[in-house]
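Okay, structure first, notes after.
Naming convention: chains lettered A, B, ... in sequence-line order (proteins, then strands); numbering from 1 in each chain.
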Amino acid sequence: MDFTISHKDTNGSARAGTILTDHGPIDTPVFMPVGTAGAVKALHMKELREDICAPIILGNTYHLFLRPGVNIVEQAGGIQKFNGWNRPMLTDSGGFQIYSMSDIRKFTEDGVVFHSHIDGSKHFFTPERAIDIQRSLGADIIMAFDECTPYPCDYTYASNSMEITHRWLDRCLEQFNKTTCPHGYSQNLFPIVQGSVYKDLRLRSAEYIAAKGAEGNAIGGLSVGEPVEMMYEMTEAVCAILPYDRPRYLMGVGTPANILESISLGIDMFDCVMPTRNGRNGMLFTRNGIINIRNEKWKDDFSPLEPEGEVFTDYEYSKAYLRHLFVSKEMLAAMIATIHNLGFYMWLMKEARNQIIAGTYSAWKDVMVKKLMQRL
RNA sequence: GGGGAGAUUCCAGAGUGGCCAAAUGGGGCAGACUGUAAAUCUGUUGGCGCAGCCUUCGGAGGUUCGAAUCCUCCUCUCCCCA
């Protein structure tokens with residue numbers, strides 16, 4: 001994997017660059033749509049490629065492990081072949097499920113036992129196992145097995161958890177270094193900074209992670225309910241320590257405003273379920289602000305979803321029609337909303353990149369943040 | 001023509017003397033959602049000067065301290081037989 005930074009904003013730490021993987025290039029800053037089970041819900045790969053123009057999508061180790069199972073994906077020739085995406089992919093390690101499925105797992109120094117949410121069967125995930133599975137799945141970027149801590153999280157817990165995540169990282173690296181991708185191309189392991197909302201822990205974690213010299217580095221355990229100011233504070237502190245010349249990935253973020261602010265702090269990569277999940281639930285992100293398309297006020301608004309938009313959903317469908325589809329529970333509603341939202345996120349990233357290249361990012365960002373978070 | 005069943009808050013449908021402004025579901029309205037156990041979940045849904053009051057259970061009377069619930073008549077709907 002190769003990362004080159006081509007431009008830096010004149011104000012702040014925003015930068016534009018390109019990540020090169022064996023499955024193709026990724027211009028940064030980048031937003032990566034989440035495709036947990038190997039599919040971005042409600043979408044065809046064709047739409048993701050040709051209409052939304054996503055350069056990379058996510059998959060999830062825990063979910064793909066349970067279904068369809070590692071062997072199936074490996075037999076298919078890797079996740080990109082199995083799902084027909086054929087472009088770069090990133091798999092999360094299952095660390096987020098330690099947080100999101102905390103009631104059906106048991107956490108120990110050695111690893112985590114998950115009780116499958118599908119059939120209750122027990123599965124022991126260790127750092128080594130998380131790497132082995134991700135080797136078989138074959139994503140271009142794979143993640144270290146970490147614990148995503150909840151919020152609020154007391155200092156002692158956050159500190160112990162961070163130490164475990166660090167020890168797990170060493171085990172991940174060891175396993176990663178003595179294995180190869182069975183599909184013949186190269187994979188890159190990203191370690192993850194933890195430390196909850198405690199600055200000293202975050203700094204220590206960032207130092208620890210930076211010292212590993214990985215191809216890219218991630219920040220996890222944020223956007224789990226803490227005030228945004230804390231999230232920005234932690235991100236800024238960590239970015240100051242993580243290597244400048246490697247991509248920085250802020251996991252699970254976020255709203256358009258969160259993303260624009262974090263780009264200013266030096267983040268290059270993002271992922272979030274918000275444009276897809278919230279889209280399926282009727283929330284539309286637009287260039288003028290946020291719309292709850294189910295609201296009665298849109299019932300006779302025949303204007304296009306996004307008059308200036310470039311994706312077909314933006315100008316081919318009206319707000320009134322999309323509201324009708326949601327109210328009628330038509331599955332086309334989820335499809336249109338998802339394409340629209342992801343199209344918007346992609347546009348936002350492209351625009352951010354152009355502003356960075358032009359050296360005008362920071363001023364542009366201030367105007368956009370206010371505009372994008374308005375409720376229409 | 002004869003016999004039977006029934007009319008409940010937007011709809012369906014409980015309730016058959018006080019705990020009923022009335023269960024539950026649907027629909028409506030609004031909200032939540034940040035490395036996806038989510039095409040999910042939550043709240044609300046007669047009116048008002050709202051810890052109280054007013055108007056509601058087909059219509060009109062009546063019984064009772066008290067009625068959506070009991071009685072009388074009326075109106076309408078559905079089913080069966082001819």
Side-chain angles (χ1 to χ4, degrees), chain A residues 31-43 56-64 66-67 89-105 114-120 130 134 139 141-151 165 190-194 218-228 231 235 249-259 261-262 267 269-285 290 292-299 323 325-338 341 345 373 375:
Chain A
F31 178 81
M32 307 180 283
V34 179
T36 306
V40 175
K41 295 185 196 302
L43 295 192
I56 174 173
I57 61 173
L58 257 65
N60 181 274
T61 301
Y62 169 83
H63 291 283
L64 290 168
L66 290 181
R67 246 182 347 209
M89 279 199 67
L90 180 154
T91 44
D92 185 28
S93 62
F96 183 71
Q97 278 63 44
I98 299 177
Y99 157 79
S100 67
M101 307 188 18
S102 58
D103 51 332
I104 54 170
R105 54 79 172 163
F114 285 104
H115 283 75
S116 161
H117 65 284
I118 299 164
D119 62 6
Q134 291 186 91
I141 298 171
I142 67 177
M143 302 305 298
F145 194 48
D146 66 330
E147 187 198 6
C148 175
T149 50
Y151 180 85
T165 287
F190 282 25
I192 304 171
V193 173
Q194 286 293 340
I219 305 172
L222 292 175
S223 64
V224 288
E226 76 284 2
V228 278
M231 177 169 90
T235 301
Y249 166 27
L250 182 56
M251 306 183 78
V253 174
T255 65
N258 292 161
I259 290 174
E261 294 292 1
S262 303
I267 299 293
M269 304 166 68
F270 301 89
D271 80 281
C272 190
V273 302
M274 196 169 277
T276 46
R277 180 195 283 166
N278 290 28
R280 290 195 304 282
N281 294 330
M283 187 177 203
L284 257 48
F285 295 94
I290 294 168
N292 182 344
I293 199 66
R294 294 186 330 246
N295 287 175
E296 191 176 24
K297 61 179 163 189
W298 307 112
K299 72 178 176 195
R323 171 181 140 87
L325 294 179
F326 265 103
V327 168
S328 308
K329 297 181 169 39
E330 285 290 335
M331 45 181 148
L332 183 57
M335 296 159 69
I336 292 172
T338 303
N341 279 350
Y345 267 62
M373 296 318 282
R375 299 286 174 144

Worksheet, complete the sentence: Comparing nearest nucleotides in RNA chain B, the 5'-proximal residue of the pair Met331(A), Gly221(A) is Gly221(A)
Fill in: First of Val327(A) and Ala334(A) reached from the 5' end of RNA chain B, by closest nucleotide
Val327(A)
Worksheet item: Is the backbone N or O of Lys297(A) less than 3.5 Å from a side-chain atom of Arg323(A), with the two atoms forming a donor-acceptor pair by type?
Response: no
Worksheet item: Does Asn278(A) reach the main-chain N or O of Phe285(A) with its side chain, forming a donor-acceptor pair under 3.5 Å?
Response: no
Can you figure out which of [options] approaches the side chain of [X] most closely?
{"X": "Gln194(A)", "options": "rG28(B), rG31(B), rG35(B)", "result": "rG35(B)"}
{"X": "Lys41(A)", "options": "rG35(B), rA39(B), rU34(B)", "result": "rA39(B)"}
{"X": "Asn281(A)", "options": "rU34(B), rC33(B), rA38(B)", "result": "rC33(B)"}
{"X": "Met274(A)", "options": "rG35(B), rA39(B), rU34(B)", "result": "rU34(B)"}

When the [atom1] atoms of [N] and [M] are considered, how many whole Å apart are they?
{"N": "rC29(B)", "M": "rU77(B)", "atom1": "P", "value": "33 Å"}
{"N": "rA38(B)", "M": "rA23(B)", "atom1": "C1'", "value": "29 Å"}
{"N": "rA51(B)", "M": "rG4(B)", "atom1": "C1'", "value": "49 Å"}
{"N": "rA68(B)", "M": "rU16(B)", "atom1": "C1'", "value": "9 Å"}
{"N": "rU63(B)", "M": "rU69(B)", "atom1": "C1'", "value": "13 Å"}
{"N": "rG26(B)", "M": "rU40(B)", "atom1": "P", "value": "12 Å"}
{"N": "rC50(B)", "M": "rA21(B)", "atom1": "C1'", "value": "13 Å"}
{"N": "rC57(B)", "M": "rG49(B)", "atom1": "C1'", "value": "28 Å"}

Worksheet item: Are the aromatic rings of His63(A) and Phe96(A) close, with centres under 6.0 Å apart?
Response: no
Fill in: Presence of donor-acceptor pair under 3.5 Å, side chain of Arg375(A) and base of rG31(B)
no
Quick one: is [N] close enough that its OP1 or OP2 comes under 4.0 Å of any side-chain N or O from [X]?
{"X": "Asn60(A)", "N": "rU36(B)", "value": "yes"}
{"X": "Asn295(A)", "N": "rG31(B)", "value": "yes"}
{"X": "Gln97(A)", "N": "rG35(B)", "value": "no"}
{"X": "Lys329(A)", "N": "rG27(B)", "value": "yes"}
{"X": "Ser223(A)", "N": "rU34(B)", "value": "no"}
{"X": "Arg294(A)", "N": "rC29(B)", "value": "no"}
{"X": "Asn292(A)", "N": "rG31(B)", "value": "yes"}
{"X": "Thr276(A)", "N": "rU36(B)", "value": "no"}

Separation of [X] atom [atom1] from [N] atom [atom2], in whole Å?
{"X": "Ile293(A)", "N": "rA32(B)", "atom1": "CD1", "atom2": "C1'", "value": "18 Å"}
{"X": "Leu90(A)", "N": "rG35(B)", "atom1": "CG", "atom2": "P", "value": "13 Å"}
{"X": "Asn258(A)", "N": "rC33(B)", "atom1": "CG", "atom2": "P", "value": "11 Å"}
{"X": "Asn278(A)", "N": "rC41(B)", "atom1": "CG", "atom2": "P", "value": "15 Å"}
{"X": "Arg280(A)", "N": "rU34(B)", "atom1": "CZ", "atom2": "C1'", "value": "13 Å"}
{"X": "Ile98(A)", "N": "rU36(B)", "atom1": "CD1", "atom2": "C1'", "value": "16 Å"}
{"X": "Phe31(A)", "N": "rG35(B)", "atom1": "CZ", "atom2": "P", "value": "9 Å"}
{"X": "Glu296(A)", "N": "rG28(B)", "atom1": "CD", "atom2": "P", "value": "10 Å"}

Go ahead and name the base partner of [N]; Watson-Crick or wobble counts if both distances stay under 3.5 Å, otherwise write none.
{"N": "rA5(B)", "answer": "rU77(B)"}
{"N": "rA22(B)", "answer": "none"}
{"N": "rU34(B)", "answer": "none"}
{"N": "rA14(B)", "answer": "none"}
{"N": "rA51(B)", "answer": "none"}
{"N": "rC70(B)", "answer": "rG62(B)"}
{"N": "rG43(B)", "answer": "rC29(B)"}

Worksheet item: Going by a 90° cut-off around 0, is rC76(B) syn or anti?
Response: anti
Item to complete: Just do the side-chain contact (heavy atoms from CB on, under 4.5 Å) check on Thr61(A) and Gln134(A) with the steps written out, would you?
Response: CA-CA 7 Å; Thr61(A) 301; Gln134(A) 291 186 91; 3.2 Å; yes
If you compare all heavy atoms of [X] against all heavy atoms of [Y], which two are closest, and at what distance to 0.1 Å?
{"X": "Thr255(A)", "Y": "Met373(A)", "answer": "CB-CE, 3.8 Å"}
{"X": "Phe326(A)", "Y": "Ile293(A)", "answer": "CD1-CG2, 3.4 Å"}
{"X": "Phe190(A)", "Y": "Met269(A)", "answer": "CE2-SD, 3.8 Å"}
{"X": "Ile98(A)", "Y": "Phe145(A)", "answer": "CD1-CZ, 3.8 Å"}

Would you indicate what [X] reaches in the nucleic acid, counting non-hydrogen atoms under 4.0 angstrom: base, sugar-phosphate, or nothing?
{"X": "Ile118(A)", "result": "nothing"}
{"X": "Asp103(A)", "result": "base"}
{"X": "Leu250(A)", "result": "nothing"}

Discussion item. What I want to check is whether the side chains of Asp271(A) and Tyr249(A) have a donor and an acceptor closer together than 3.5 Å.
Written reply: yes
